[in-house]
K.L.:
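Questions regarding the structure given below will be posed in turn.
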Amino acid sequence: MWLFQVLQDRIIYDDYIKPACLPDGQNYYIHQLCITAGWGDTQATGNFDVLNQVDLAIISDSLCVRRDWYGSDFIPQTTFCAGYSQGGKDSCGGDSGGPFTCKVGRKWIQMGVTSWGILCGAPKWPGIYTDLTRYINWIRDQAQVVGLQLDS
């Protein structure tokens, strides 16, 4: 199985379609406001027809690992959580695999990949995201396997 699919047609970028950069290996910033998008459920309604986006803040590992939050189910070595302690905004079922991007300076950086969570938008259960900063070397290695050179 390949991580990358080499497209036969070129992607045409415009005002709505733009690439996101890979992280440079630096960690994300707590409270940084970022965006995730996906075709998933909204407010547990079962509507999967619309591409949605939501702005979420990165939450500290020390909160997500608390017993009254995710406790030992949260793995700070490979993931981070984002949302709000009071809930209200979140990724949801069907969004897994989607991008979690943050604007850093003038660039959009894909810091994570939507992974999992409990309920949708519930207090103290923010979304869990795979931390791409932990996998950047592996991603670059896999790109080389299929003949892609990723910009630094």
Side-chain angles (χ1 to χ4, degrees), residues 1-61 63-64 69-70 73-76 78-136 138-140 142-143 146-152:
M1 183 173 107
W2 297 103
L3 172 66
F4 295 97
Q5 174 70 40
V6 179
L7 301 175
Q8 292 180 355
D9 297 324
R10 296 182 69 78
I11 297 172
I12 298 171
Y13 297 115
D14 60 25
D15 289 342
Y16 303 99
I17 301 171
K18 297 189 185 300
C21 299
L22 289 171
D24 60 8
Q26 294 181 11
N27 288 335
Y28 45 85
Y29 302 99
I30 306 308
H31 307 297
Q32 182 171 3
L33 197 60
C34 303
I35 293 173
T36 189
W39 297 94
D41 200 0
T42 55
Q43 299 177 349
T45 63
N47 182 359
F48 299 94
D49 296 332
V50 177
L51 177 61
N52 291 290
Q53 72 178 36
V54 63
D55 56 310
L56 300 171
I58 296 174
I59 298 173
S60 71
D61 291 348
L63 270 180
C64 287
W69 286 51
Y70 281 107
D73 290 336
F74 175 67
I75 306 169
T78 58
T79 62
F80 62 88
C81 62
Y84 302 94
S85 60
Q86 73 275 16
K89 292 184 177 183
D90 200 358
S91 53
C92 203
D95 290 328
S96 295
F100 184 91
T101 56
C102 304
K103 192 165 188 182
V104 179
R106 295 177 49 117
K107 293 182 181 180
W108 284 96
I109 309 293
Q110 185 171 348
M111 301 297 271
V113 176
T114 304
S115 186
W116 66 279
I118 297 176
L119 301 175
C120 298
K124 297 185 181 180
W125 280 341
I128 305 295
Y129 300 83
T130 301
D131 183 353
L132 287 187
T133 65
R134 308 295 180 142
Y135 296 95
I136 193 64
W138 181 84
I139 292 169
R140 290 187 187 285
Q142 297 308 303
V146 296
L148 296 175
Q149 181 64 40
L150 301 179
D151 296 334
S152 297

K.L.:
How close do Arg134 and Pro76 get, heavy atom to heavy atom, and via which atoms?
P.N.:
NH2-O, 3.7 Å
K.L.:
If we ignore hydrogens and angles and just use 3.5 Å, is the side chain of Lys107 paired with the main-chain N or O of Lys103 as donor and acceptor?
P.N.:
no
K.L.:
Nearest 0.5 Å, what's the CZ-SG distance between Phe74 and Cys81?
P.N.:
4.5 Å
K.L.:
Run through Thr133, Leu22, Val104 and flag the one making a side chain to side chain contact (heavy atoms under 4.5 Å, CB included) with Ile109.
P.N.:
Val104
K.L.:
If you round to the nearest 0.5 Å, how far is OH of Tyr70 from CG of Leu63?
P.N.:
12.5 Å
K.L.:
Does Asp14 use its side chain to pair, donor to acceptor, with the backbone of Ile12 at less than 3.5 Å?
P.N.:
no
K.L.:
Rounded to the nearest 0.5 Å, what separates atom CG in Asp61 from atom CZ in Phe80?
P.N.:
10.0 Å
K.L.:
For a side chain to side chain contact (heavy atoms under 4.5 Å, CB included) with Phe100, tell me which candidate from Asp95, Ile35, Ile58 qualifies.
P.N.:
Ile58
K.L.:
Residues two or more places apart in sequence or in another chain: which of them pass side-chain contact (heavy atoms from CB on, under 4.5 Å) with Pro99?
P.N.:
Thr101, Gln110
K.L.:
Please tabulate, one pair per line, all N/O donor-acceptor pairs under 3.5 Å involving side-chain atoms of residues 87-94, not counting sequence neighbours.
P.N.:
residue	atom	partner	partner atom	Å
Lys89	NZ	Asp55	OD1	2.9
Lys89	NZ	Asp55	OD2	3.4
Asp90	OD1	Gly127	N	3.2
Asp90	OD2	Gly121	N	3.0
Ser91	OG	Tyr129	OH	3.0

K.L.:
With a 4.5 Å cut-off on side-chain heavy atoms, are Pro126 and Cys64 touching?
P.N.:
yes
K.L.:
Test: side chain to side chain donor-acceptor pair (under 3.5 Å). Region: residues 114-128. Which pairs qualify, not counting sequence neighbours?
P.N.:
Thr36-Thr114, Asp68-Lys124
K.L.:
Can you sort out the partners of Tyr13 under side-chain contact (heavy atoms from CB on, under 4.5 Å), two or more places apart, ordered by chain and number?
P.N.:
Ile11, Ile17, Pro19
K.L.:
Tell me every residue that passes side-chain contact (heavy atoms from CB on, under 4.5 Å) with Ile75, counting only those two or more places apart in sequence or in another chain.
P.N.:
Gln77, Thr78, Thr79
K.L.:
As an exercise, state the distance from CG of Asp73 to CD1 of Ile118, rounded to the nearest 0.5 Å.
P.N.:
6.5 Å
